[in-house]
Each structure stands twice: as C-alpha cells, then as structure tokens.
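The structure appears right after this line, and notes come after that.
Scope of the values below: all heavy atoms of this structure, side chains included, with no hydrogens, waters or symmetry mates. Naming convention: chains lettered A, B, ... in sequence-line order (proteins, then strands); numbering from 1 in each chain.
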Amino acid sequence: MIAQVIVDVAAYPVDRPFDYEVPKQMESLIEPGSRVKVPFGHRDVLGFVISVTEETEIASNKMKSISTLLDLEPVLTEEMLEMAKWMTKQTLCYEIDALQAMLPSALRAKYEKQVECLVEVSMLPPSLQAHFTKKMRVPYKLFETEALLLELKKAVKSKQVQIVTVVKQQGRIKSIRKFEVHADLTFLQQKHEELSNRARKQKQAIEWCMEHVGERFLPQYLADEIFISASVQKALVELGVGKFVEEELYRDPFTQEITPSYALQLTDEQQVALDAITEKMNEQQPETFLLHGITGSGKTEVYLRAIQHALDQGKEAVVLVPEISLTPMMTERFRARFGELVAVMHSGLSQGEKYDEWRKMQRGEVKVVVGARSAIFAPFTNIGLLILDEEHETTYKQEDTPRYHARDVAIWRGMHYQCPVILGSATPALESFARAQKGVYHLLTLKQRAKTQALPTVQVVDMREELHTGNRSMFSRALADAIRERLEKKEQIVLFLNRRGFSSFVLCRDCGTVVQCDNCDISMTYHRSSEKLKCHYCGDEKPVPTECPECQSEHIRFFGTGTQKIESEIYKVFPEARVIRMDVDTTRQKGAHERLLNDFGEGKADILLGTQMIAKGLDFPRITLVGVMSADTSLRLPDFRAAEKTYQLLTQVSGRAGRHELQGEVIIQSYEPEHYAIELAKEQIFEPFYEQEMRIRHRFSYPPYYYVVLIQVSHEDVMLAAEYASLVHEYIGQHLSNQVQIIGPTAASISRIQNRYRYQCLIKYKREPQLHDVLKQLIKIYRTDWMKKGVLMTVDLDPTSI
DNA sequence: AGCACGCCGACT
DNA sequence: GTCGGCGTGCTC
C-alpha cells in the first residue's frame with residue numbers, strides 16, 4: 001500500500017505529493033487525512049496523507065516508509081482535503097499551508113534539534129560529558145554557548161555525536177486519573193463475599209462501591225470524603241472491583257455561568273427573512289443571503305432561529321464573528337440559547353483550549369461553533385448553515401499565507417453541503433451589496449429596530465470652525481457640553497478615537513523633525529506608561545530624546561492625539577469623570593478586555609475611551625452619548641476603500657448609543673464634515689452612500705467593477721526593490737491582455753519596514769482567464785530565482801487594503 | 001526550507 | 001597541505 005503525502009516543508013520544489021510505503025501494521029489505519037511522520041531527505045518531518053493507492057512510479061529502492069502514524073483517527077476529512085486543493089489554487093499558496101490552516105495549531109508539528117551521543121560518554125571531550133549523564137539524546141539548545149558549540153562541531157566530525165531533528169507533538173490531551181467502580185453489581189457482591197473478614201476496610205469500601213456501580217471518582221475525593229485510602233484503592237484495583245482510568249479533560253474556556261434564554265417574538269421583517277432562509281434549508285439548496293439590517297434590527301435573533309432550524313434538521317451550524325474575544329456578549333447569547341452545544345474559537349483562548357474546542361466539534365459533541373475567522377474550518381461533517389456576522393469586516397481576510405477570505409470559504413462549504421450562507425451586516429461590503437443587487441446573493445432587509453427605540457440623533461461638528469472661534473481644545477463645545485450633561489445625569493459615554501495613522505509622535509518645534517524608527521519609514525509612537533518611543537511596525541523602542549537629533553534644540557515634545565493624551569485631557573476638563581481606557585496597552589493581558597468591559601457595564605466608570613476595538617458589540621443600556629474624536633483620520637488613508645471603511649466605522653460606533661430605553665446621541669468631530677462618507681453616515685441610511693461610492697468606484701475602475709490584485713516587492717536595497725517591482729509590471733503586462741490596468745510600481749504607503757524597502761504594483765482587471773496561470777508563473781520565477789537574491793514578494797488577490 | 005556535497009582562497 | 005566559505009541540487 002502506497003500513501004501520497006504532502007510534507008510539512010513550505011518550498012516550491014516540494015509542493016507536491018510524495019509517495020511512501022505504508023507499513024503492514026498501519027494499513028488498516030492509514031486513510032486520506034491521516035497525520036504521519038515521514039523520513040524526508042535527512043530528517044523526519046510531519047506530513048498529511050492525501051490519498052492512498054497501490055501503484056507508484058517511484059523505484060522501490062528509493063521509496064521510504066511512513067515512520068509513525070500520529071493519530072488513530074484522520075485529522076482531516078475528505079472535504080478538507082478537497083477544500084485545501086481549492087484554496088491552494090485560489091490563493092496561490094503551498095498546499096501544506098492550506099492544509100495546516102484547517103487545523104488547530106496544536107496539531108501542527110514543532111521541531112527540535114537534539115544531540116545524540118554515539119559512543120561511550122567517557123570517550124567524549126570533558127566539556128560535553130556533563131550533558132549526557134542521564135540520557136544519550138539531549139536538546140541542542142543546551143550547547144548554544146560559544147565554547148561548547150566548537151567542541152560539539154569537532155565531536156560531530158569525529159562521529160562521536162550526531163545532530164538529529166525530531167518532530168515534537170504538541171497536541172496534549174489533558175487528562176485526569178479517576179477511580180472507576182466495576183459496572184457489574186453481582187461481581188461486586190461476589191468479591192465482597194469472597195473477601196476475608198479481616199479485610200475490614202476493603203469490605204466497607206466494596207459495600208460503598210455497590211451503591212456506586214460503574215461510577216467514576218477522583219482518588220482524592222475517595223480518600224478524603226469516603227475514607228477509602230490510597231492503599232485500599234490499590235487493593236480494590238487488584239481485586240478487580242475498580243480500575244484507574246485516564247479521563248479526558250476539556251479545559252473550560254468559559255468563565256461565566258450560562259443563563260438560558262428563549263426565542264424572542266420576531267418582527268414581520270425578521271420572520272420574512274427567516275422563512276426565506278429556512279425554505280432553502282428545507283430544499284437543501286445552497287444560497288448566499290445578504291442580511292442587511294440596521295443596528296438593533298435583530299439580526300442575531302434571525303441567526304439564532306435559523307441555527308435552531310439547522311439543529312432540528314440534525315445538522316450543524318458555523319457562526320463567524322469578527323473577533324469574539326472582543327464581543328463576549330455575542331458568545332453569551334449563543335451559549336444562552338444552545339448551552340453546551342456551543343463551541344467557541346477565538347484568539348483569546350490558549351492553544352490547548354482551542355484544541356479542546358476543536359475536538360468537541362470533531363467528535364460531534366457540539367453542534368454549533370461561534371468563532372473568529374479560522375472557525376470557518378470547523379471539523380463538522382454535516383453542516384446545515386454558515387453565518388458571517390458583520391460580513392464587511394476585514395478581519396475575515398487572512399493577512400498572511402494562505403490569504404483566504406472566510407466569506408469565500410463559507411460559500412464553498414455552502415456549496416459542498418448544499419446549504420445556505422448568511423452574510424449579515426448593517427453596512428455591507430460594497431462588493432457584497434453589489435452582488436445582492438445583481439441577484440447573485442439573495443437580499444434580505446431589516447429596516448426597523450426590533451424594540452421600538454428611536455435611532456440616535458447624530459450631529460457632525462466642524463472642527464475648523466471650532467478652531468476659528470478660538471477653541472483649541474480637542475473637545476468641541478458641543479461634545480464638552482454633552483459630556484458634562486451625561487456626567488450630571490449619571491449616564492455613560494463612549495469616546496472613540498480612530499487612531500490609525502494619527503498617534504502621538506515626537507516633534508521638534510524648531511526644525512519640524514519627527515522622530516522616526518531607524519528600521520521603518522514611520523514615526524515612532526510615544527508611550528507614556530513606559531516613557532519610551534515605540535515603533536508599531538517592528539516593535540523597536542527608544543528613549544524619548546531630550547534634544548532634537550537634527551538641530552539639538554530642546555524644544556522637542558510629543559504631539560498628536562493618542563488615547564493616553566485624551567485620557568489626561570479628560571481628567572483636566574472633567575476632574576470628576578471616571579475613565580476606562582481601552583487600547584493595545586491596557587488590553588494586552590489575557591482577559592483584560594472582558595474585565596474592562598464588565599467594569600464599564602457595572603457602572604464603575606462614566607467614560608469608556610478607546611480605539612477600533614470598542615466599536616463592536618458594546619451593548620450597555622446607560623450609554624447615551626457616543627463621541628467620535630476625529631472622524632477623518634481613516635478617510636485620508638491612501639486606500640480606495642478609505643471612504644467605505646470610514647462610513648462603516650462611524651455607523652458602527654454610532655450604533656453603540658441609545659440601544660435601550662434612553663435616547664442616544666452621537667457627536668462626530670471632523671475637519672472635513674462635507675465629505676460624503678461623513679455626511680451620509682449622519683443620515684444613517686446605507687443606500688445613498690452605496691450609490692455615491694459606487695459611482696466613484698466606477699469612475700476609477702475599482703472593485704466591485706474591477707477585481708484587483710496587489711503585488712508587493714521588498715528588498716534591503718531601494719534600487720533592487722524598485723527594479724524587481726518593475727520586472728513584475730513588465731511580466732504581467734506581457735502575459736495578460738491589454739484590458740488590464742497595472743498601477744505602479746509605486747513605493748508602498750509605508751515605504752520601509754524593518755529595513756526593507758517596499759514597492760507595489762496593483763493590477764486591475766475584469767475578465768482575465770489567464771490570470772491565475774500567469775500569477776502562478778510569476779510566483780515560480782520568484783521562488784526559483786528572485787528569492788535567492790533577497791527579494792520578498794507577496795501576491796494578494798482581492799486585498800482588503802492597499 | 002534544510003541539509004549535504006563539492007569546489008576554490010587563507011591559515012597551521 | 002587543511003579548514004571552511006557558500007553555490008548547487010535533492011528530498012518519495
């Protein structure tokens with residue numbers, strides 16, 4: 001029997017199956033999807049069996065055998081293998097990358113170099129001997145000191161030791177030892193009678209066991225509470241009255257208890273949407289629904305009902321949310337409705353916790369998964385519904401290889417299982433809405449709020465005007481008044497700072513120099529907590545200079561508007577306010593996010609101040625004011641989606657106000673209030689924005705009218721970076737039709753990161769059947785030639801930002 | 001990717 | 001003469 005294996009080596013020449021002989025004893029266990037360890041070249045690597053045959057073209061003297069089967073059950077289903085093939089083609093990645101993407105990281109291998117002693121320890125040089133006292137194989141890293149490495153090198157040469165790479169298994173199943181009472185009562189009675197009367201403790205123990213037939217107990221519990229000591233337990237095991245078993249333990253990622261909830265009364269609109277979806281489910285038809293519903297229109301209740309329908313059909317459901325570690329409330333709603341049937345999957349879980357959740361799905365112990373992007377690969381085998389909430393979010397697109405979009409994967413799986421996909425959003429991606437308009441997706445609209453609360457009032461304040469009338473503070477008069485009013489009424493406030501591209505930097509007021517990172521072409525950010533300057537791209541740190549590095553002036557100080565700056569400003573203007581600040585600094589710790597939100601929910605603060613991360617999912621009844629400090633920072637990004645992103649963001653933050661009985665108010669501060677993205681966000685209706693933005697996309701040939709591909713090239717040498725980027729342009733130009741537009745090469749918006757200069761080309765096309773093949777060819781040239789010359793190139797189909 | 005093989009300059 | 005630089009080529 002021959003197994004075709006994709007090996008865990010991401011490199012161009014080995015991105016294909018390799019044939020391996022299957023050892024006899026594994027024949028009944030090896031299947032497509034099995035995870036194996038195989039000899040490859042001069043070392044062992046992990047691999048995935050993608051198919052099993054009887055034939056091979058490999059000469060039998062060249063063929064090696066699988067050395068270990070790593071799991072009793074295959075970890076990948078046939079569907080996943082198929083999906084990986086598709087993804088490899090779609091995103092132009094290595095097949096191994098696609099396969100790995102479908103598994104929790106615990107099932108990916110780690111490799112460790114070890115040093116193995118081949119001779120008598122006493123034969124070794126004295127400095128090495130000490131490491132081999134217990135084992136003949138020890139980690140290589142023990143030798144990583146200058147002097148030892150030299151000795152080691154010599155020892156390798158004289159074949160006294162050898163260096164081996166071993167595959168480390170990381171997926172640890174957590175288990176606990178328990179005492180299990182024999183399941184047969186008559187057997188216990190028999191043992192009880194047979195036992196001599198002198199064994200008083202054992203007799204008592206068996207009597208107790210007879211009342212707990214087949215049950216499992218912690219040894220500690222038996223000893224402390226039932227007074228069956230460890231030695232008696234041991235005796236019972238010898239008698240066969242019980243045995244010790246390793247019980248698998250799931251690490252429990254939930255901290256809170258579930259309070260069950262029940263289905264809510266649906267509005268007419270919700271009912272219409274739900275009916276359309278369940279109809280397709282009953283017909284077993286694939287269909288993509290775009291559920292366009294304003295904030296508060298009850299999209300979630302539609303999801304919950306549709307999921308219930310899938311469960312009633314005996315099927316499973318996958319729900320994607322942008323990043324649920326940020327929106328615990330969303331998860332809670334699913335858990336409240338479906339209880340123990342729900343698995344969660346997000347970046348806040350440890351590797352082990354993710355693995356446990358994954359296994360629950362694989363074994364069919366749960367039927368619903370609520371998770372971030374990677375949860376789209378849930379190892380279910382009978383999916384009845386797939387949902388992407390906030391489908392416009394860019395977090396659904398993976399930013400590094402494999403650059404898949406969860407939306408595309410969802411639609412693929414929908415086709416595979418012949419089931420519907422729901423894309424839900426208040427501000428759909430332009431692409432999605434355009435598809436819905438064309439009838440590719442089925443549009444479902446929710447126009448009314450589920451509870452009859454009014455929409456918040458939205459006011460846009462012109463900050464230029466404020467400046468002209470002498471207000472130099474970062475709070476406009478309107479916002480300051482509104483804040484004061486809420487503080488008096490003991491209502492809550494959310495202040496949103498769109499920090500991207502506009503944080504605190506250090507500027508010399510004499511010569512205008514801004515302190516830049518030495519490795520990246522970007523201003524460094526001032527961090528008050530550590531009194532340091534940090535580069536947000538490479539993480540480099542510097543002390544805050546006391547004099548200007550250029551002109552030695554002492555008038556150098558930090559500038560700009562970071563959350564920390566605003567926080568201290570708030571304390572100055574509103575000394576009585578209690579503020580919770582949420583940004584990368586205050587939420588780095590595990591669970592910090594949830595804790596801060598809980599604190600705010602419990603009214604321990606008046607103002608929640610934060611960046612992007614507070615835009616989502618906040619739902620507290622006492623929030624009646626949302627302030628956007630500066631709406632236009634995201635508007636000025638050099639990206640054709642800047643307006644769309646700004647609109648989405650403003651709509652989303654506005655949705656945080658007045659979700660319950662109290663009337664909400666939103667104040668947006670802007671230096672460019674006449675921009676359509678801001679004006680139309682104020683109106684709170686999507687269609688006018690859609691129409692306006694579509695006109696612009698059409699005029700400049702951008703999506704959804706054209707597709708785009710972004711190719712980035714970087715090199716340590718500016719000239720070479722530019723040179724290879726123009727080679728890209730040339731190659732594409734020669735091999736594609738003259739219908740394509742190629743923009744560039746241009747310097748990337750951050751022209752240098754980690755000392756590498758970056759150039760990019762943007763390809764715009766409508767219909768280009770050759771495209772994938774041409775790009776594949778280009779990648780081949782890169783991987784076989786350019787890579788050696790220090791070039792890094794990435795190809796991103798449908799990039800989320802440029 | 002990672003590693004061995006193999007062919008030319010600066011050391012004992 | 002040997003050690004070691006990294007170009008080249010292979011991995012079932």
Rounding to an integer number of Å, can you tell me how far [X] [atom1] sits from [N] [atom2]?
X: A:F40; N: C:dT11; atom1: CZ; atom2: P; answer: 8 Å
X: A:Y140; N: B:dC3; atom1: OH; atom2: C1'; answer: 13 Å
X: A:F48; N: C:dC12; atom1: CZ; atom2: P; answer: 18 Å
X: A:K113; N: B:dG2; atom1: NZ; atom2: C1'; answer: 9 Å
X: A:D44; N: B:dG2; atom1: CG; atom2: P; answer: 15 Å
X: A:D19; N: C:dT11; atom1: CG; atom2: P; answer: 13 Å
X: A:Y94; N: B:dG2; atom1: OH; atom2: C1'; answer: 14 Å
X: A:R43; N: C:dC10; atom1: CZ; atom2: P; answer: 16 Å

>> In the structure I gave you, are the side-chain heavy atoms of A:M793 and A:I779 within less than 4.5 Å of one another anywhere?
In response: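 A:M793 vs A:I779: side chains touch.
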
>> Within this structure, what is the CG-CD distance for the pair A:D71 and A:E73, rounded to the nearest 0.5 Å?
In response: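 Between atom CG of A:D71 and atom CD of A:E73 there are 9.0 Å.
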
> Think A:K788 has a side-chain N or O under 4.0 angstrom from the OP1 or OP2 of C:dT8?
Replying inline: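 It does not, given that no N or O in the side chain of A:K788 lies less than 4.0 Å from OP1 or OP2 of C:dT8.
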
> Can you find a side chain N or O atom of A:K64 that sits less than 4.0 Å from OP1 or OP2 on C:dC12?
Replying inline: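 Yes, A:K64 has a side-chain N/O under 4.0 Å of OP1/OP2 on C:dC12.
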
>> Please pick, from C:dT11, C:dC12, B:dC3, the nucleotide with the shortest atom-to-atom distance to any side-chain atom of A:M63.
In response: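 When the side chain of A:M63 is considered, C:dC12 is the closest of C:dT11, C:dC12, B:dC3.
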
Taking any heavy-atom pair under 4.0 Å as a contact, classify [X]: base, sugar-phosphate, or nothing.
X: A:R783; answer: nothing
X: A:Y20; answer: sugar-phosphate
X: A:P13; answer: base

> Do A:R783 and A:Y94 have side-chain atoms, one donor and one acceptor, less than 3.5 Å apart?
Replying inline: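 Present: a donor and an acceptor within the cut-off.
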
> With no hydrogens and no angle check, is any side-chain donor or acceptor of A:H715 less than 3.5 Å from a backbone partner on A:K789?
Replying inline: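 Yes, because the side chain of A:H715 sits within donor-acceptor range (under 3.5 Å) of the backbone of A:K789.
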
> So which of A:T794, A:T394, A:T800 actually passes side chain to side chain donor-acceptor pair (under 3.5 Å) with A:E399?
Replying inline: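 Running side chain to side chain donor-acceptor pair (under 3.5 Å) over A:T794, A:T394, A:T800 with A:E399 returns exactly one hit, A:T800.
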
